[in-house]
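The figures that follow rest on heavy atoms only: side chains count, while hydrogens, waters and symmetry mates do not.
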Amino acid sequence: MTAAAAFFYLFAGFAVASGFMVIAARNPVTSVLFLILAFVNAAGLFVLMGAEFLAMILIVVYVGAVAVLFLFVVMMLDVDFAALRQGFQRYLPIGGLIGAVFLIELLLVVGTWTIDPGLVQAPLGRAAHGESLTNTQALGRVLYTDYVYFFQIAGLILLVAMIGAIVLTLRDRAGVKRQNISVQNARTQGMAVDTIKVPSRQGVEV
Amino acid sequence: MTPIQSVLPSITPVLPEIVLSVGALLLVLWGAWRGERSAESTNLGALGLLIFTFFLVVSQTGTVTTLNGAFIADPFARVMKALILIGSSATILLSRDYFQRERIDRFEYPILIVLCTIGMMVMASANDLISLYLGLELQSLAAYVIAAFHRDDVKSTEAGLKYFVLGALSSGMLLYGASLVYGFTGTVSFPGIVTALGDGGPASFGLVLGIVFVAAGVAFKLAAVPFHMWTPDVYEGSPTPVTAFFASAPKMAAMAMTVRVFIGAFPDVTAVWQQIIVFVSIASMALGSFAAIGQRNLKRLMAYSSIGNVGYALIGLAAGSEEGIRGVVIYMVIYLAMTLGAFAVLLSLRRKDKMFETIDDLSGLSRTHPWLAFSLAAMMFSLAGIPPLAGFFAKFYVFAAAIKADLVALAVIGVVTSVVGAFYYLRLVKVMYFDEPQAAYERIPPGSAIVLAASSVVVVLFFLIPAPLVAAAGSAAKSLF
C-alpha cells in the first residue's frame with residue numbers, strides 16, 4: 001500500500017512538474033522532451049491502476065509516434081517561439097478570463113459529480129467474461145465482436161486520411177530522376193561495362 | 001481458453017453502408033490501377049454506386065437495431081439517407097464538367113464523395129455516441145480534403161485549412177460534451193441514456209454542461225450561429241461543385257444527427273436543450289437574413305442563405321414534437337431541392353473558361369438565357385417563401401409546429417426574418433429580369449441541366465402532389481417518438 005502510494009506521488013508529481021515545464025521551457029525541443037516525460041509518468045499511473053494495456057499504448061503511440069512527430073515538426077519548422085510569445089501580455093487578461101471560466105465550470109462539474117454505485121460494479125471486460133483474462137485479451141475479444149462496427153469505420157477514416165494526404169501533397173514534378181528498380185535489376189554486365197581496346201599512346205574518346 | 005461466445009450480428013440493415021464501403025474500396029483499387037485515365041470511369045462508377053445504394057435504402061422497411069445496438073435503421077434514418085444519397089449523386093453530376101475545365105479532374109474526388117457519404121449515412125443511423133462521432137469524423141475528414149481539392153488555388157487551400165482547424169476544434173467540443181454525458185449517465189447508447197436519465201428529475205449540472213458542449217459541436221457542423229464563422233469563407237474558397245455539396249448532403253446528415261441526439265438521447269430533458277435550440281435558431285435566422293444583404297458574391301450569399309435555412313429548420317426541432325420533426329424533414333427535402341437548383345445555375349455562369357460568381361454577372365440573364373433565369377427565379381421565390389412554391393410549404397410546416405408547441409414568438413421572429421431575407425432573394429430576380437443584359441454564357445453542362453430540371457420540377461410543382469412527401473416525413477417523425 002505504502003509503496004503504491006509512494007509510486008503514485010512520484011509519478012503524479014513528475015507528471016505535473018513536467019507538464020508545467022512543457023509550457024515554461026524556453027527551447028521548444030526541451031518542451032517536447034518534457035512532454036515525453038509527462039507521457040511516461042502518465043503511463044506509470046496507468047500501470048498502478050492495473051491498466052497495463054493503456055500504459056503500453058501510451059508509450060507506443062504517444063511517445064513513439066506522436067511526440068517524435070512533434071519533435072520532427074519543431075526541428076523542421078524552426079519556429080521562433082520568442083516571437084510567438086510577444087503578444088502574451090496583451091492577451092493575458094482575456095486568456096485568463098477564459099481560463100477562470102473553465103476552472104469554475106470544472107469545479108462545478110467535479111462538485112456535482114456523484115458516482116452511481118451500480119456503475120462501479122458495471123461489467124467491464126474482465127467481469128463480463130467471468131474468467132481471468134488480461135486486459136489485452138478482453139479488449140481483443142470485444143474489438144472484433146461487439147465493436148466491429150466502430151473498428152471498421154475507424155479503418156475507413158484512416159483510409160480517407162491516407163487518400164487525402166496523397167491527393168493534397170503528391171505531385172508529379174518534371175525533371176525529377178526517380179529510381180526504377182526493374183530497370184536497375186535488368187541491367188547486365190554487358191549493358192553497364194564497355195570493354196575498349198586502347199591503342200598505345202592514343203587514349204580513347206569519351 | 002474457451003471459444004468466443006458471439007453471434008454474428010444481423011447485417012442486412014447495414015447493407016447499404018456495406019455496399020457503399022466495398023464499392024468505394026473497389027473504386028480506389030481501380031483508380032490506383034488505371035491512374036489518371038480513370039477519372040471518367042470512377043465518376044460513373046461512383047454515381048452508379050450511389051444510385052444503387054439509394055434504391056437499396058428505399059427498399060428497406062421496418063425499424064431494426066443491430067451491431068450491438070450501435071446502428072438503427074428506422075424510417076427517419078432511411079429518409080435522411082435517401083436525401084444524403086440524392087445530394088451526393090447530384091454533386092457528382094454537377095462536378096464533372098467543372099473539374100474537367102479547371103483541370104483538377106482526378107479520380108480521388110468521386111471516391112472521397114462516396115466515403116463522405118458513408119460517414120453521413122453512419123451519422124443518420126447512429127444510435128450511440130461512438131458511432132455518431134465516428135460517422136461525423138469520416139464525413140468531416142473527407143470534406144476537409146475536397147474543400148482543398150483545387151490545391152494550386154490559394155483560396156481553396158485556405159478554405160480547406162480553415163475548415164480543418166475549426167472542424168477539429170468543434171469535434172473536440174463534441175467529444176468533451178460526449179464524455180461528460182457518458183460520465184454522468186454511464187452509457188453511450190441513446191436508449192441507455194434515456195433510461196439512465198429516468199423520468200424527468202432535474203438534470204445534474206455536469207449533464208447540462210455536456211449537452212451544451214454537444215450542442216456546440218453539432219451547431220458547428222450545421223453552420224448555425226454562433227458557430228457559423230467558417231461558412232462564408234469555406235463556401236467561397238472551395239471549388240463551386242464542392243460548395244454545392246457542402247450546402248446539400250452534409251446539411252442533411254448534420255440535421256439528422258442533431259435530431260437523433262436531442263430527440264433520441266435527451267427526450268426527457270427537453271427543458272435543458274430547448275432554450276439552446278431556440279436561441280441558435282433565432283440567431284441563425286437573423287444573421288442569415290441581415291448579413292446576406294451586403295453580399296455581392298453569390299457563393300457567400302448562398303452561405304448566408306444556408307445559415308438562415310438551418311435556423312428555420314431548427315424551429316421544428318425546438319418544438320420538440322412529432323409534428324415539429326415532420327416539419328424538419330419536409331424542410332430539409334425542399335431545402336435540398338432549392339439549394340441544388342441554385343448551384344446548378346451558378347455552375348453554368350461560364351464564359352471562355354472563366355466562372356462568374358457575383359450578383360452583377362446575373363444581370364439581364366432573362367434575355368440571354370430565359371430558362372436559366374426562370375429556374376433561378378423560381379428557386380429564389382421559393383427560398384423567400386412565396387406560395388405556391390415549395391419553400392412556402394417548408395416554412396409553413398415548421399411554423400405551424402412551433403405555434404402548436406406554444407413557441408409563438410419564435411414563429412413570429414421566423415416570419416419577420418423571412419420577410420427581411422426576401423429582400424436579397426428578390427433582388428436577384430430583379431437583377432436578372434430588369435437590368436441590362438450582358439454577353440451570353442456558354443451552354444449549361446448536361447449534368448447541371450439534369451439537376452436543375454429535377455429540382456425546378458420539385459420546387460414548382462410540389463404543391464400539386466405534396467402527399468407522398470408529407471406521408472414519408474410523417475412516418476419518419478413517428479419512428480422517433
Side-chain angles (χ1 to χ4, degrees), chain A residues 101-125 128-134 136-173, chain B residues 1-2 4-9 14 17-18 21 24-25 28 31-32 36 66-71 106-109 111-112 115-116 118-119 122 128 130-131 133-135 137-142 144-146 148-149 151-152 157 160 180 183-187 196 204-210:
Chain A
V101 168
F102 268 97
L103 187 66
I104 292 168
E105 285 185 344
L106 264 182
L107 288 179
L108 283 171
V109 169
V110 173
T112 56
W113 194 286
T114 49
I115 295 176
D116 181 359
L119 286 184
V120 181
Q121 288 144 21
L124 295 172
H129 291 281
E131 53 195 288
S132 56
L133 284 177
T134 65
T136 317
Q137 282 171 325
L139 278 172
R141 286 197 166 189
V142 290
L143 190 59
Y144 300 100
T145 52
D146 293 353
Y147 297 112
V148 66
Y149 180 51
F150 307 141
F151 186 72
Q152 295 295 335
I153 300 175
L156 282 180
I157 293 175
L158 292 178
L159 177 70
V160 168
M162 197 173 78
I163 296 177
I166 293 172
V167 165
L168 294 180
T169 57
L170 183 69
R171 285 162 201 273
D172 286 324
R173 288 199 180 78
Chain B
M1 269 183 68
T2 51
I4 296 169
Q5 302 285 318
S6 165
V7 182
L8 199 64
V14 207
E17 281 81 359
I18 294 175
S21 312
L25 295 178
V28 171
E36 289 309 311
T66 180
L67 294 168
N68 205 24
F71 183 96
R106 307 178 62 189
F107 74 88
E108 288 95 343
Y109 176 71
I111 294 171
L112 283 170
L115 287 166
C116 193
I118 300 170
V122 170
D128 71 13
I130 303 178
S131 54
Y133 176 72
L134 286 172
E137 215 46 20
L138 180 56
Q139 180 256 323
S140 310
L141 208 57
Y144 305 147
V145 177
I146 55 175
F149 207 80
R151 60 185 192 187
D152 296 322
T157 323
L180 281 175
F184 278 87
T185 58
T187 173
S204 68
F205 181 75
L207 181 75
V208 173
L209 204 63

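- With a 4.5 angstrom heavy-atom cutoff, B:Ile130 touches chain A via backbone and side-chain atoms both.
- Atom CZ of A:Phe150 and atom CG of B:Asp128 lie 4.0 Å apart (nearest 0.5 Å).
- What you find for A:Ile163 and B:Glu108 is that their closest heavy atoms are CG2-CG, 3.9 Å.
- Proximity to chain A (any heavy atom under 4.5 Å) is restricted, for B:Val28, to the side chain, taken from C-beta onward.
- By number of non-hydrogen pairs under 4.5 angstrom with chain B, the leading residue of A:Thr169, A:Leu168, A:Ile153 is A:Leu168.
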Open item on the list: Checking A:Val167 against B:Tyr109 for the side-chain contact (heavy atoms from CB on, under 4.5 Å) test, could you report, in this order, the C-alpha distance in whole Å, the side-chain angles of both residues, the deciding distance, and whether it holds?
Closed with: CA-CA 9 Å; A:Val167 165; B:Tyr109 176 71; over 6 Å; no
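- When heavy atoms are compared at a cutoff of 4.5 Å, B:Ile118 approaches chain A solely by way of its side chain, counted from C-beta outward.
- Remark: B:Leu138 CG to A:Leu158 CG distance equals 10.0 Å, nearest 0.5 Å.
- The minimum heavy-atom distance linking B:Ser21 with A:Leu156 is given by the pair OG-CD1, 3.8 Å.
- Only the side chain of B:Ile111 comes within contact range of chain A, judged by heavy atoms closer than 4.5 Å.
- For A:Leu159, the part lying under 4.5 angstrom from a heavy atom of chain B is the side chain only.
- Here the shortest heavy-atom pairing between A:Ile157 and B:Glu137 reads CD1-CB, 4.0 Å.
- B:Leu67 CG to A:Tyr147 OH: the interatomic distance, rounded to the nearest 0.5 Å, is 12.5 Å.
- The contact between B:Leu209 and chain A is made entirely by side chain atoms (from C-beta outward), counting heavy-atom distances below 4.5 Å.
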